[in-house]
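Here's the structure we're looking at; comments come further down.
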Amino acid sequence: MDKDFYERIFDVVRLIPKGKVTTYGHIARCLGSGRSSRLVGYAMNLSHRQDPLIPAHRVVNRKGLLTGKMHFNDPNEMQRLLEDEGILVKGDQIVNFQDHLWDPAVLADEL
DNA sequence: CTCTTGACTGGTT
DNA sequence: GAACCAGCCAAGA
């Protein structure tokens, strides 16, 4: 795996099932770094430049807050996309966040 | 090479 | 449970 640090992150984010969300920390932990959660967010910044659109709207911080919505082309779009997938968002915060939380580790279990 | 910044997290108070 | 502080990793100036 000589892929760039970001490419690994993008891969995981793309694998997030529809209607599910995950946190930067879980992704970082899945990659092994664990504490590089900030890099995940940093990579998300570049996600919009990727050819295969990255579902960055499914990635939120541990509190379930749409911290990165302001970085989208249209901040309102992030919340709209989440609600479109059946995820309720109130005050930039995901309702029943834990219920929609998806851990990348389960992917390894399914494979 | 050093300093600053960032879509974060965990532990303390 | 909210607010504050410190730790960690990578990229850019």
Side-chain angles (χ1 to χ4, degrees):
Chain A
M1 297 294 266
D2 296 284
K3 287 192 172 188
D4 294 331
F5 208 82
Y6 295 129
E7 283 204 40
R8 300 189 208 169
I9 298 172
F10 296 145
D11 283 342
V12 177
V13 176
R14 287 198 211 105
L15 292 171
I16 301 175
K18 182 183 177 185
K20 294 282 182 175
V21 292
T22 189
T23 70
Y24 305 94
H26 278 110
I27 296 173
R29 189 175 282 276
C30 188
L31 295 176
S33 301
R35 306 262 154 80
S36 56
S37 41
R38 312 180 76 159
L39 284 310
V40 180
Y42 202 79
M44 293 293 93
N45 245 337
L46 311 176
S47 64
H48 76 96
R49 293 187 178 185
Q50 300 303 313
D51 245 312
L53 261 18
I54 309 295
H57 59 272
R58 294 179 187 155
V59 184
V60 296
N61 70 347
R62 67 175 181 129
K63 296 176 183 172
L65 275 175
L66 311 186
T67 50
K69 75 172 228 169
M70 55 175 77
H71 290 274
F72 273 72
N73 294 329
D74 290 324
N76 199 14
E77 189 169 295
M78 183 174 186
Q79 181 173 335
R80 202 208 67 204
L81 286 168
L82 288 171
E83 290 182 338
D84 189 52
E85 297 189 356
I87 300 174
L88 297 182
V89 180
K90 185 172 184 177
D92 298 352
Q93 185 175 335
I94 296 177
V95 182
N96 302 329
F97 170 59
Q98 291 285 340
D99 192 49
H100 295 290
L101 182 58
W102 173 82
D103 197 323
V106 305
L107 182 66
D109 190 52
E110 289 181 357
L111 291 176

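Throughout, protein chains are lettered first and strands after them, A, B, ... in sequence-line order, and every chain is numbered starting at 1.
Among A:Val59, A:Ile87, A:Asp99, the one residue that satisfies the side chain to side chain contact (heavy atoms under 4.5 Å, CB included) test with A:Val21 is A:Ile87.
A straight line from OH of A:Tyr24 to P of B:dA7 spans 9 Å, rounded to a whole angstrom. B:dT9 atom P lies 9 Å from atom NE2 of A:His26, rounded to whole Å. As rounded to whole Å, 14 Å separates atom P of B:dG6 from atom OH of A:Tyr6. As rounded to whole Å, 8 Å separates atom C1' of B:dA7 from atom CE of A:Met78. Rounded to a whole Å, the NZ atom of A:Lys63 is 10 Å from the C1' atom of B:dT9. For A:Arg38 and B:dC8, the CZ to C1' distance is 6 Å, given to the nearest whole Å. Atom pair A:Leu66:CG and B:dC8:C1' shows a separation of 15 Å (rounding to whole Å applied). Spacing between atom CD1 of A:Ile27 and atom P of B:dC8 amounts to 12 Å, rounded to whole angstrom units.
Note on A:Phe10: it clusters hydrophobically with A:Tyr24, by side-chain heavy-atom contacts below 4.5 Å among ILVMFWY residues.
Pairs engaging residues 61-70 of chain A under the side chain to side chain donor-acceptor pair (under 3.5 Å) rule: A:Lys69-A:Asp92 [sequence neighbours left out].
Residue contacts for A:Asn61: at a heavy-atom cut-off of 4.0 Å it reaches the sugar-phosphate backbone alone, with no base atom in range. Residue contacts for A:Ala43: at a heavy-atom cut-off of 4.0 Å it reaches no nucleic acid atom on any strand shown. Base engagement by A:Ser47 is indicated by at least one non-hydrogen atom pair under 4.0 Å involving a base atom.
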Could you go over nucleotides 10-13 of chain B and give all protein N or O partners under 3.5 Å, atom names and distances?
from   : atom 1 : to      : atom 2 : distance (Å)
B:dG10 : N7     : A:Arg62 : NH2    : 3.2

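Chain A approaches DNA chain C over the interval C:dG7 to C:dA11, counting the first and last nucleotide 5' to 3' with an atom under 4.0 Å from its heavy atoms.
A donor-acceptor contact closer than 3.5 angstrom is absent between the side chains of A:His100 and A:Glu85.
Distance alone, capped at 3.5 Å, places no donor-acceptor pair between the A:Thr22 side chain and the A:Asp103 backbone.
Both A:Tyr42 and A:Ser37 sit near DNA chain C, but only A:Ser37 has its closest nucleotide nearer the 5' end.
Enclosure of atom CG in A:Asn76 is not indicated, since only 12 or fewer non-hydrogen atoms of other residues, nucleotides or ligands lie within 6.0 angstrom.
When distances are taken from the side chain of A:Leu39 to each of B:dC8, B:dA7, B:dG6, the shortest belongs to B:dG6.
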